[in-house]
Amino acid sequence: MPGIRGPSDYSQEPPRHPCFQINSKEPFNAEPPRSVLISSYVTPVDFFYKRNHGPIPIVDDIERYSVSITGLIENPKELFMKEIRKLPKYNVTAILQCAGNRRTAMSKTRAVKGVGWGVSAVGNAVWGGAKLSDVLELVGIPMLTGATSLGGKHVEFVSIDKCKEEKGGPYKASIPLSQATNPEADVLLAYEMNGEPLNRDHGYPLRVVVPGVIGARSVKWLDSINIISEECQGFFMQKDYKMFPPSVNWDNINWSTRRPQMDFPVQSVICSLDDVSVVKHGKITIKGYALSGGGRGIERVDVSVDGGKTWLEASRYQKTGVTYIADDPKSDKWAWVFFEAKADIAQSAEIVAKAVDTAANVQPENVEFIWNLRGILNTSWHRVHVRVGHSNM
C-alpha cells in the first residue's frame, strides 16, 4: 500500500521500555510487571502490553496512506486520514486483553501451544477516533444494519503486516456487520491512544478497536475493510482463538466445530502480590483488576485469605474517589475495575480472588476444568501465596 509497508524482517523495530518481560522477541510479545497495571486506571502507553505476529509496519508517507472499503457494497471508497479525521471524534475508554492472558498458569496443568503470558497481557486505554458506524455510512451502509443489499453480513479488517501463520500474508479478522453499524458498540477506527497519536507498536497510523472482545479482533495497521457474506476465513479466525473442551487434543481437533471467540469471560487478577510473596505479620492490602466482556460490569469481587474457605467482599472503583456502580451510565462499561481488600495474615496463606459480573457469571474455581490446547481464556480463580517473615523489599 502507498505510504505504509510491512517489513519482512525485524531490523527496524521501535524502541521499548526496559521493564517489559519479553515472552517472544521475534515477533515481539511482552508484558509489564503486574504491579504497574494497578498504578494507573489508564495504562500509560509505554507500559501497555505488546502483541504482534510479525515485524512492525513502517509509515513512509502519511499523506499517501489510505484505507479501502470494498466488498458487498454498491459504493466502494478509498479513505485518507484527513477524511477520517473530519468525522466526529469519540474517546472510548476500553481494555484490550489478549485471549492468552494467564496462559502460563494454564500450561502448568497440561502443555499448551502459544506465547507464555503471565497476568499482564491486558491494559486500559482511552482510544480516540471515528466510530466505524459513521465510516460505514460513507459507503451507504446505514446504522443498525445486519446485511447489505448485496448480502454482506460481516466486516473484515485486513492489516498491512506480514504473518508466518498467513504464509507471509496480512493479519485479518472480522466482526458481524450488526455490531459494526451499532454506534452503541463503540467500535472505533482509532488514531489516538491516551490523547496522543498511536505509536508503531499499537497500530500507527490507524487501527480497529472492538471493545468487549478479545484483542485478536482489534486489528492494527489497517489496510482495508471488506464487507463479506461469511466470517473472515483468515488463520486467526478459523485456526486459532477458539475455545475447545479439555478432551480435544492436537490429534483429534476439528477447527470447524467451534466459532471464533469474541467476548471474553469475567476475569480478575491480584496485582499487588507476586505469585509468591513474603509479607510482614499483620494486615495486608490486596489489590488487582477485574473485567468482563460484552460491556458487562463487575458486580462483585470476592477475596479469600484461606484458599477459598471463607470470603470477604472487596471494594471496587475505576477512578479514585468516584463510587463505581456496575452498569451505571457514569461508569466506563468497556474498561476494567480495580478492587481492594485488607486482611490480617498471621501465617503462610493462599490468597484468592474471583469476580462476578452483572450477568452473574463467575470465574471457575479450577483451571483444570477450562484447560484447552491453545491455552486461551484462563479465567480460573486467581491464586497467590504469601509467607509471613522478614522481607528485603
Side-chain angles (χ1 to χ4, degrees), residues 67-77 79 84 87 90 92 94-99 127 129-159 166 170-190 203 206-220 222-244 255-266 291-296 333-334 357 359 361 376-377:
V67 174
S68 62
I69 306 178
T70 60
L72 298 174
I73 52 176
E74 296 178 354
N75 302 299
K77 189 174 179 64
L79 276 180
I84 294 170
L87 292 169
Y90 293 87
V92 176
I95 65 120
L96 288 183
Q97 178 182 221
C98 179
W127 307 97
K131 286 198 177 183
L132 181 57
S133 56
D134 288 342
V135 172
L136 293 178
E137 279 198 315
L138 297 178
V139 294
I141 304 177
M143 292 188 185
L144 304 177
T145 296
T148 66
S149 60
L150 298 178
K153 295 181 181 180
H154 297 265
V155 181
E156 179 184 60
F157 311 113
V158 182
S159 178
E166 293 284 6
Y171 187 98
K172 60 183 75 170
S174 68
I175 63 173
L177 182 63
S178 57
Q179 181 179 11
T181 59
N182 182 359
E184 296 298 314
D186 289 330
V187 181
L188 293 184
L189 296 192
L206 192 68
R207 71 170 299 160
V208 182
V209 174
V210 187
V213 167
I214 64 170
R217 313 308 175 209
S218 290
V219 175
K220 297 186 282 187
L222 191 60
D223 175 58
S224 60
I225 297 173
N226 303 318
I227 310 303
I228 54 180
S229 60
E230 304 290 340
E231 290 169 342
C232 167
Q233 294 302 299
F235 178 90
F236 296 100
M237 287 288 288
Q238 301 303 328
K239 295 291 183 72
D240 203 353
Y241 297 122
K242 293 183 176 183
M243 184 70 166
F244 285 90
W255 289 101
S256 66
T257 61
R258 292 292 182 276
R259 295 174 59 84
Q261 184 66 38
M262 300 302 282
D263 286 10
F264 44 77
V266 64
L291 52 91
S292 192
R296 294 178 292 276
K333 69 176 181 177
W334 306 114
D357 70 15
N361 297 307
I376 67 169
L377 306 183

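None of these values were measured; they are calculated from a predicted model.
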For [X], all residues meeting side-chain contact (heavy atoms from CB on, under 4.5 Å), sequence neighbours excluded:
| X | answer |
| --- | --- |
| Ser133 | Lys131, Met143, Pro183 |
| Thr70 | Ser68, Pro76, Asn226 |
| Lys333 | Asp186 |
| Ala216 | Tyr171, Ile214, Tyr241 |

[atom1] of [X] to [atom2] of [Y]: how many Å apart, nearest 0.5 Å?
| X | Y | atom1 | atom2 | result |
| --- | --- | --- | --- | --- |
| Ile141 | Thr181 | CD1 | OG1 | 8.0 Å |
| Gln261 | Met237 | CD | CE | 11.0 Å |
| Leu79 | Ser224 | CG | OG | 12.0 Å |
| Phe235 | Glu166 | CZ | CD | 8.0 Å |

> Would Ile376 and Asp240 satisfy side chain to side chain contact (heavy atoms under 4.5 Å, CB included), going step by step from the backbone distance to the final call?
Replying inline: CA-CA 10 Å; Ile376 67 169; Asp240 203 353; 5.5 Å; no
Between [X] and [Y], what is the shortest heavy-atom contact and its length?
| X | Y | answer |
| --- | --- | --- |
| Ala180 | Val155 | CB-CG2, 3.7 Å |
| Trp334 | Gly212 | CE3-N, 3.7 Å |
| Val92 | Pro211 | CG1-CG, 4.3 Å |
| Cys232 | Ser174 | N-OG, 3.0 Å |
| Pro176 | Met262 | CD-CE, 4.3 Å |

>> Quick check against the 3.5 Å criterion: does Arg217 have a side-chain atom that pairs as donor or acceptor with the backbone of Ala173?
In response: no
> Can any side-chain N or O of Lys172 pair as donor or acceptor with the backbone N or O of Gly234 at less than 3.5 Å?
Replying inline: no
>> Determine whether Leu132 and Ile225 satisfy the following criterion, side chain to side chain contact (heavy atoms under 4.5 Å, CB included), listing intermediate values before the conclusion.
In response: CA-CA 10 Å; Leu132 181 57; Ile225 297 173; 4.2 Å; yes
Just wondering, do [Y] and [X] contact through their side chains at under 4.5 Å, heavy atoms?
| X | Y | value |
| --- | --- | --- |
| Leu222 | Leu189 | yes |
| Val213 | Ile175 | no |
| Ser218 | Arg207 | yes |
| Leu87 | Leu138 | yes |

Under the side chain to side chain donor-acceptor pair (under 3.5 Å) test, which residues partner [X], sequence neighbours left out?
| X | answer |
| --- | --- |
| Ser256 | Asn254 |
| Ser229 | none |
| Ser159 | Asp161 |

> Is it the case that more than 12 heavy atoms not belonging to Gln233 sit under 6.0 Å from its CD atom?
Replying inline: yes
> Looking at residues at least two apart in the chain, or sitting in another chain, which of them share a salt bridge (Lys or Arg N to Asp or Glu O under 4.0 Å) with Arg296?
Replying inline: Asp263, Asp357
> Can you name the salt bridge (Lys or Arg N to Asp or Glu O under 4.0 Å) partners of Arg259, sequence neighbours left out?
Replying inline: Glu231
> Who are the ring pair (Phe, Tyr, Trp, His ring centres under 6.0 Å) partners of Trp127, not counting sequence neighbours?
Replying inline: Phe48
> Considering the options Leu72, Ile228, Leu144, Thr145, which one meets the side-chain contact (heavy atoms from CB on, under 4.5 Å) requirement together with Leu177?
Replying inline: Thr145
